[in-house]
Amino acid sequence: MSISNTQPPANFIRQRIDIDLAENQIKNVVTRFPPEPNGYLHIGHAKSICLNFGIAKDYEGHCFLRFDDTNPEKEAMEFVKAIQEDVKWLGFDWEDRLRHASDYFEQLFQYAVELIKSEKAYVCSLDGDAIRQMRGTLTEPGQDSPYRKRTVDENLDLFLRMRDGEFKDGAHVLRAKIDMSSPNLNMRDPIIYRVRHQHHQNTGDTWCIYPMYDFTHCLSDAIEGITHSLCTLEFEDHRPLYDWVLDNVSAPCHPQQIEFSRLTLNYTVTSKRLLAQLVNDGHVEGWDDPRMPTISGLRRRGFTPEAIRDFCDRIGITKKYNQIEMTLLENLVREDLDPKVNRRMAVLNPIKLVVTNYPDDLHEIFDAPNHPNKPEMGTRTIEFGKELVIERDDFMIDPPRKFFRMGPGREVRLRYAYIVTCTGFDVDENGEPSVIYCTYDPETKGGNTPDGRKVKGTIHWVSSHDGQVATVHLYDRLFTEENPAGSKARDFKDHLNPESLRVLSNAIVEPSVVQGTSIEHFQFERLGYFCTDPKTSTTDLVINRTISLRDTWSAQKGHKK
RNA sequence: UGGGGUGUAGCCAAGUGGCCCAAGGCACCGGAUUUUGAUUCCGGCAUUCCCAGGUUCGAAUCCUGGCACCCCAGCCA
């Protein structure tokens, strides 16, 4: 038996679930993906989405999409819409399990009342500074709030009045009564409700008090019957509080929180806060700028859901701090696109090539395969003529021996057309070549060599007669540093790559590169994978480079891509 | 001498005391095929698992002691 490659990768969370199932701790698996709608989803969220939805799928359980919307100041409908679109695009379906933490505000309120009644929560009227000061430090215990001894009746009365809008923002908070000397700061009477007179994206103006994350999350999990609440490492310290809340109210069940390490990708940032800065400061065009590691940016760049899911599978789930190489993601995109995408020819930096012995007004039509290794993908026609364009990089006045392209006196194949020999060139006032001349060998139609002669170089071309002008966006990594946010001394924006976007406005593409309403993917032969930009129009063809082809030649030569 | 975590190749990662002189992927280095210097294919790539002791017939896996790194003092999540 061969090893199945459809087997989901083993990881410690799946092992935990296997044990829970085997020991009958749970009957079926329920997970959730709980984004806060305060920004767009990024590749790090994709890891969590694939984990949570992937586990639900593999174990035939369920996964909720739940908006963790307890802080109305930062949250917006734009983000809840975008998040849903991104999760769907990645290929996951929450069916009828779309929820908001704010759907539970009334229940949460009742749980808070329970806590007050059992003397496990109190209204504290200290201001922010005082609360902070009395919390103590990492090495020193905190001090009890003077309001800690308020009676149940007094607390109840105050809490109800907080809800009724009697108090200004910050006047009072509700705190859990735990232990001000706990070595875990989260257990030092954490705030669980605060007053915020703020319009909420989902509940409107119904509430003016909002529950905090630590109180909301565990209870939302319990209400939904989540079995395994998967979150990132920074919440490890919060687990005792997660468990405390569930142990001290009449929660329907007690989900288990399990933490895993978040994704770090080199040469970019995976933090909503930092990405928001790039958007707000205008360093990129928006959340869906193709240079952004956001799901919407990657989509517009031409990355596929398949490649992203594959990436998430391959990086694994552990508790180790990691930094994944961007080249892994890039290679998986190539791997996904290579077998399924049509080949086309496009010249990014054109220079004119005149075939001097070709008839002036002849335009031959050739069939060219859409995929050289997959005949079943069919063919398209390409037009040949006397005047063509080729890539400037494919010609050198004085080429080295190993340059398998065009140079004076050299023979080269024009892909799927003819073998041509360079006979001369013109230069402009700067000494740069401006026109190249060649002759073609009529016996080599289609690029074949009936005499069996070897022609090492094959270059791409487009006919001037029917080639179409396009604007091509060449993208490169957004940052010049591996870990742009890794230094406390320097702002991450100092490491922005000034050449992350190059716009080529005179590219010539073959006419079969037509723009549809949705993103179309191509491989431009010898160049890379490209896609039409969603903002392209019939009069202005805009094409994004997803990723270049692997290029061992220029890598060896140390040439710049 | 606050608490919570993590340490297996350049980057991920399996491994849960004997089949480990450590799986797999990416990267890298050869070599074959090639009308994309692409793809594909074949081969190579940790006597060693943060370090030092110990237990054991046997340790990456157990014990003891170090070391390094990450997270926590929002009325953010």
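Throughout, a chain's letter reflects where its sequence line sits, starting with A, and its residues are numbered from 1.
- If you check every strand for non-hydrogen atoms under 4.0 Å, A/Leu328 touches sugar and phosphate atoms only.
- Under 4.0 Å is where a charged nitrogen must lie from a carboxylate oxygen, and between A/Asp221 and A/Arg66 at least one such pair does.
- The residues A/Lys445 and A/Glu364 are annotated as salt-bridged, a charged nitrogen and a carboxylate oxygen being separated by less than 4.0 angstrom.
- Across all strands shown, A/Asp127 has heavy atoms under 4.0 Å from base atoms, whether or not it also approaches the sugar-phosphate.
- OP1 or OP2 of B/rU8 lies within a sub-4.0 Å distance of a side-chain N or O belonging to A/Lys320.
- As rounded to whole Å, 21 Å separates atom P of B/rC75 from atom CH2 of A/Trp207.
- Distance, A/Lys454 NZ to B/rU34 C1': 10 Å, rounded to whole Å.
- Whole-Å rounding puts the A/Glu330 CD to B/rC26 P distance at 15 Å.
- The partner of B/rC67 is B/rG7, judged by Watson-Crick or G-U wobble contacts that both fall below 3.5 Å.
- Residue ring and base: A/Trp553 counts as stacked with B/rG37 (centre distance below 5.5 Å, interplanar angle below 30°).
- Here A/Asp394 pairs with A/Arg526 in a salt bridge; the nearest charged N to carboxylate O distance falls below 4.0 Å.
- Phosphate proximity of B/rA27 to A/Arg550: present, with a side-chain N or O under 4.0 Å from OP1 or OP2.
- Among the atoms of the strands shown, base atoms are found under 4.0 Å from some heavy atom of A/Pro372.
- Between A/Pro183 and A/Pro211, the one whose closest nucleotide on RNA chain B sits nearer the 5' end is A/Pro183.
- Of the side-chain N and O atoms in A/Thr70, one or more sit less than 4.0 angstrom from OP1 or OP2 of B/rA77.
- Ion pairing between A/Glu411 and A/Lys456 fails under the 4.0 Å rule for side-chain N and carboxylate O.
- Nearest nucleotide to the A/Glu36 side chain, out of B/rC26, B/rC76, B/rG37: B/rC76.
- Put simply, CD on A/Glu325 is 11 Å from C1' on B/rC28, counting in whole angstrom units.
- Comparing B/rC70 with B/rA27, their P atoms sit 29 Å apart, to the nearest whole Å.
- A/Leu126 comes within 4.0 angstrom of a base, heavy atoms only.
- For the pair A/Arg405 and A/Glu391, the salt-bridge criterion is not met [side-chain N within less than 4.0 Å of a carboxylate O].
- Proximity note for A/Lys319 (side chain, C-beta onward) versus B/rC75, B/rG5, B/rU36: the nearest is B/rG5.
- A/Thr458 has no side-chain polar atom (N or O) that falls below the 4.0 Å cut-off from OP1 or OP2 of B/rU36.
- Closest approach to the A/Ala10 side chain among B/rA73, B/rG2, B/rG15 is made by B/rG15 (side chain taken as heavy atoms from C-beta onward).
- For A/Glu259 and B/rG5, a side-chain-to-base donor-acceptor distance below 3.5 Å is absent, hydrogens and geometry of angles not being considered.
- With C1' as the reference atom, B/rC11 and B/rU16 are 25 Å apart, rounded to whole Å.
- Look at A/Arg135 and you'll find a side-chain N or O under 4.0 angstrom from OP1 or OP2 of B/rC75.
- Atom C1' of B/rA46 sits at a distance of 27 Å from the matching atom of B/rU64, rounded to the whole Å.
- Nucleic acid contact class of A/Ile131 (heavy atoms, under 4.0 Å, all strands): base.
- Across all strands, A/Phe403 comes closer than 4.0 Å to base atoms (heavy-atom distances).
- The side chain of A/Leu138 lies closest to B/rG2 when the candidates are B/rC26, B/rA77, B/rG2.
- Distance CE (A/Met212) to C1' (B/rA77): 9 Å, rounded to an integer number of Å.
- As judged by a 4.0 angstrom heavy-atom cut-off over every strand, A/His238 is placed among the base-contacting residues.
- Between A/Asp310 and A/Arg314 there is a salt bridge, with a side-chain nitrogen of the basic residue lying less than 4.0 Å from a carboxylate oxygen of the acidic one.
- If you check B/rC49 for Watson-Crick or wobble pairing at under 3.5 angstrom, you find it has no partner at all.
- Between A/Arg194 and B/rC76, a side-chain N or O to OP1/OP2 separation shorter than 4.0 Å is present.
- Between A/Gln323 and B/rC26 there is no side-chain N or O to OP1 or OP2 distance below 4.0 Å.
- Closest approach of A/Pro339 and A/Asp336 over heavy atoms only: CD-O, 3.4 Å.
- A gap of 14 Å separates the C1' atoms of B/rU47 and B/rA9, to the nearest Å.
- Residue side chain A/Arg239 does not reach the base of B/rG4 through any donor-acceptor N/O pair under 3.5 Å, judged by distance alone.
- Whole-Å rounding puts the A/Asn373 CG to B/rU39 P distance at 11 Å.
- Remark: the separation of the P atoms in B/rU6 and B/rG31 is 45 Å, to the nearest Å.
- Distances shorter than 4.0 Å separate some side-chain N or O of A/Asn331 from OP1 or OP2 on B/rA27.
- Across all strands, A/Arg405 comes closer than 4.0 Å to base atoms (heavy-atom distances).
- Between A/Asp189 and A/Lys177 there is no salt bridge, since no side-chain N of the basic residue sits under 4.0 Å from a carboxylate O of the acidic one.
- Only the P atoms considered, B/rC76 is 32 Å distant from B/rC69, to the nearest whole Å.
- Straight-line distance between the C1' atoms of B/rG4 and B/rA22: roughly 30 Å, to the nearest whole Å.
- Taking 4.0 Å as the cut-off between side-chain N and carboxylate O, A/Glu224 and A/Arg32 do not count as a salt-bridged pair.
- Residue A/Leu549 has its side chain nearest to B/rA38 when only B/rG2, B/rA13, B/rA38 are considered.
- Evaluation of atom-type donor-acceptor distances gives a pair under 3.5 Å for the side chain of A/Arg343 against the base of B/rU36.
- Between A/Glu140 and A/Leu414, the residue whose closest nucleotide on RNA chain B is further toward the 5' end is A/Glu140.
- Counting distance only, with no hydrogens placed and no angle test, the side-chain atoms of A/Asp237 and the base atoms of B/rG3 include a donor-acceptor pair under 3.5 Å.
- Put simply, A/Thr552 has a side-chain N or O that comes within less than 4.0 Å of OP1 or OP2 on B/rA38.
- Here B/rU39 presents its P atom at 10 Å from CG of A/Asp551, a figure rounded to the nearest Å.
- One atom, CG of A/Asn483, and another, P of B/rC70, lie 11 Å apart when rounded to the nearest Å.
- In this structure, A/Arg161 places its CZ atom where more than 12 heavy-atom neighbours from other residues, nucleotides or ligands lie under 6.0 Å away.
- For B/rA52 and B/rA32, the C1' atoms lie 49 Å apart once the distance is rounded to whole Å.
- Classified by its glycosidic torsion, B/rG74 falls in the syn category, the angle being within 90° of 0.
- For B/rU39, the OP1/OP2 oxygens have no side-chain nitrogen or oxygen of A/Arg334 closer than 4.0 Å.
- Pair assignment for B/rG2: B/rC72, on the basis of Watson-Crick or G-U wobble contacts that are both within less than 3.5 Å.
- Dashed line: the shortest gap from a side-chain N or O of A/Arg196 to OP1 or OP2 of B/rC76 is under 4.0 Å.
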